[in-house]
Amino acid sequence: MKIVFRNFDNSYYDKVCEFLIELSKDDRKHINWNWARWEWMFFHPDFNSDLMDKIGLWYCNDEIVGITTYDHYFGEAFFAAKQGYRELEKDILEYAIDTFSNEKGLGIAVNDADTHTLDLLRSKKFVKNDQTENVLELELENVSLDYITPEGITMKSLNIKNDLYKHQKLLWKAFDHEGHVPVDEITIHKQQKMLSAANLNPFLHIVAENEEGEYVAYCGLWYSQKTDYAYVEPVCTIPEYRHKGLGKAVVLEALKRSCSLGAKKAYVISDNSFYKSIGFHQHSHYTFYWHNI
C-alpha cells in the first residue's frame with residue numbers, strides 16, 4: 001500500500017467532494033464536515049483561497065484516503081482518514097498543526113462520541129475549549145413539509161444570474177449590517193463567486209419575495225444525489241419581516257424540493273429552537289480542542 005501526499009489545487013476539487021461524500025456514507029461522525037460545507041466554504045467570499053495549496057491530500061491508488069484543510073483561514077482545521085487508513089491520522093494531524101496553526105494555535109472540532117480522535121488529540125497536547133458546534137437532523141418522511149404563505153409573498157427559486165443585487169441587499173439586511181448596502185464592483189464580484197459554487201442548484205435556493213419584488217427571506221439548501229441528505233446553509237429574514245413564518249416557509253419549501261429529488265434527511269449546524277420547531281432533533285455535538293504553539 002503506497003501512500004502519496006499531494007498539495008491541493010483546483011483540479012482536486014471534485015475529488016475532495018467525493019471523499020467527503022464517501023466519508024459520511026455510513027458513519028456520520030464527520031457530518032459537520034460534509035461535502036456541502038466544503039463547497040459552501042470554498043466559494044464563500046471570506047475563504048482565503050491564497051492558502052488553498054496548503055490543503056493536504058493523502059492518496060492511495062489514485063484515491064483520496066486522507067485529508068486536512070483549514071476552515072476559511074488558518075487557526076481552525078479539519079482532518080480525517082477513510083476507514084482502513086487510521087494509521088495515517090497521526091501524520092495528517094501533525095501536518096495540520098505544522099501548517100494551519102496561527103499565532104493563537106490551532107482549533108479542531110471533534111465529535112464528542114469519537115473517543116479515538118479525542119485520544120489522538122490529547123496525545124498531541126490538545127486541550128478542551130469552550131467553543132462548540134451542534135448538528136441537528138431531520139428525517140424528511142417523518143414531518144409535514146406543508147406551510148402557509150403569508151399574503152403578498154411569493155416563494156421562488158433564487159435567480160442567480162439576474163438578481164445579484166437583490167440577494168446582496170437581502171443578506172446585508174438579514175444579517176443586521178448597518179449603513180447602506182454595498183454594491184461596489186468588488187462586493188458584487190464576491191457575491192458572484194458565492195453563487196458560482198460548482199454544485200449549487202438554484203431550484204433548492206429559495207427566496208420569499210414581497211409585492212415590490214424585494215427578497216425578504218432566504219434558505220440555501222445543498223443536495224447531491226450521491227447522498228441521502230440535504231444540508232441547510234444559510235437561513236435569514238430581513239428584520240421587518242421576522243416573526244411572520246417566512247423563515248420556516250423558505251426552509252420547508254427547500255426541504256420539500258430536496259425530497260422530490262431524493263433526499264431522505266437534512267442536517268444543519270445549529271442548536272436553534274427555530275429548527276427544532278420544524279422537527280429537527282439532536283444528531284451530534286462537537287467540542288473544539290486547542291493546540292497552543
Side-chain angles (χ1 to χ4, degrees), residues 1-8 12 15-38 41 54-72 74-102 104-137 226-229 231 265 267-271 281-293:
M1 181 179 70
K2 184 179 180 181
I3 302 298
V4 178
F5 172 82
R6 299 175 185 172
N7 288 106
F8 178 86
Y12 295 118
K15 288 280 192 180
V16 172
C17 286
E18 292 169 8
F19 169 84
L20 293 171
I21 287 171
E22 190 66 26
L23 188 69
S24 292
K25 191 171 184 180
D26 299 312
D27 183 348
R28 298 273 159 102
K29 69 182 178 183
H30 293 304
I31 197 63
N32 66 320
W33 263 96
N34 58 69
W35 77 270
R37 175 171 177 169
W38 156 259
M41 178 196 76
K54 302 298 184 182
I55 294 171
L57 307 174
W58 282 256
Y59 268 77
C60 180
N61 297 327
D62 206 36
E63 174 190 6
I64 297 177
V65 295
I67 186 174
T68 184
T69 179
Y70 57 99
D71 186 349
H72 282 81
F74 287 1
E76 290 184 15
F78 165 74
F79 78 102
K82 276 189 176 179
Q83 190 172 359
Y85 293 89
R86 272 190 171 182
E87 70 275 9
L88 294 177
E89 291 178 341
K90 182 178 178 182
D91 289 342
I92 297 173
L93 178 57
E94 288 177 350
Y95 178 88
I97 295 170
D98 292 342
T99 308
F100 300 139
S101 296
N102 63 12
K104 295 180 180 179
L106 182 69
I108 295 177
V110 188
N111 190 311
D112 291 351
D114 186 359
T115 56
H116 169 77
T117 301
L118 289 172
D119 287 343
L120 177 58
L121 291 180
R122 290 178 182 127
S123 74
K124 294 297 180 180
K125 297 185 169 29
F126 279 76
V127 295
K128 190 175 181 179
N129 188 272
D130 292 335
Q131 186 179 352
T132 63
E133 283 185 345
N134 197 69
V135 174
L136 300 176
E137 179 186 63
K226 295 178 181 179
T227 73
D228 66 351
Y229 61 86
Y231 176 66
K265 299 180 179 181
Y267 295 99
V268 63
I269 298 179
S270 178
D271 195 28
H281 58 84
Q282 183 66 25
H283 177 269
S284 47
H285 185 267
Y286 299 78
T287 302
F288 275 81
Y289 283 74
W290 205 263
H291 183 274
N292 294 311
I293 298 175

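Counting from 1, the numbers follow the sequence of the chain as shown.
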Closer than 3.5 angstrom, by distance alone: can the side chain of [X] be matched with the main-chain N or O of [Y] as a donor-acceptor pair?
X	Y	result
E22	S24	no
N111	A113	yes
N34	I31	yes

Could you list the residues that satisfy ring pair (Phe, Tyr, Trp, His ring centres under 6.0 Å) with [X], not counting sequence neighbours?
X	value
W58	F5, Y95
F74	Y70, F100
H116	none

Is it true that [X] and [Y] make a salt bridge, defined as a side-chain N closer than 4.0 Å to a carboxylate O?
X	Y	answer
D62	R6	yes
K124	D98	no
E137	K265	yes

Item to check | D228 and R28: CA distance, side-chain angles, deciding distance, salt bridge (charged side-chain N to carboxylate O under 4.0 Å, His left out) verdict | outcome: CA-CA 12 Å; D228 66 351; R28 298 273 159 102; 2.8 Å; yes
Contact between [X] and [Y] at the side-chain level, heavy atoms closer than 4.5 Å - yes or no?
X	Y	result
W33	T69	yes
I67	K15	no
Y289	L120	no
I55	Y12	no
L136	Q282	yes

Next on the checklist: Surrounding CG of D119 (heavy atoms of other residues, nucleotides or ligands, distance under 6.0 Å), is the total greater than 12?
Outcome noted: yes
Next on the checklist: Is it the case that atom NZ in K54 sees more than 12 heavy atoms from other parts of the structure closer than 6.0 Å?
Outcome noted: no
[atom1]/[X] to [atom2]/[Y] distance, rounded to the nearest 0.5 angstrom?
X	Y	atom1	atom2	result
K90	L93	NZ	CG	10.0 Å
I269	E133	CD1	CD	5.0 Å
I108	H291	CD1	NE2	9.5 Å
L23	K29	CG	NZ	8.0 Å
W290	E76	CH2	CD	5.5 Å
E94	T68	CD	OG1	12.0 Å

Checklist entry - Parallel, tilted or perpendicular: which fits the ring planes of Y267 and Y229, with parallel below 30° and perpendicular above 60°? => result perpendicular
Minimal non-hydrogen separation, [X] against [Y], with atom names:
X	Y	answer
Y85	C60	OH-SG, 3.8 Å
A80	I92	O-CD1, 3.9 Å
N134	H285	OD1-CD2, 3.4 Å
A109	Y286	CB-CB, 4.2 Å
I64	V16	CD1-N, 3.9 Å
H30	D114	CE1-OD2, 4.4 Å

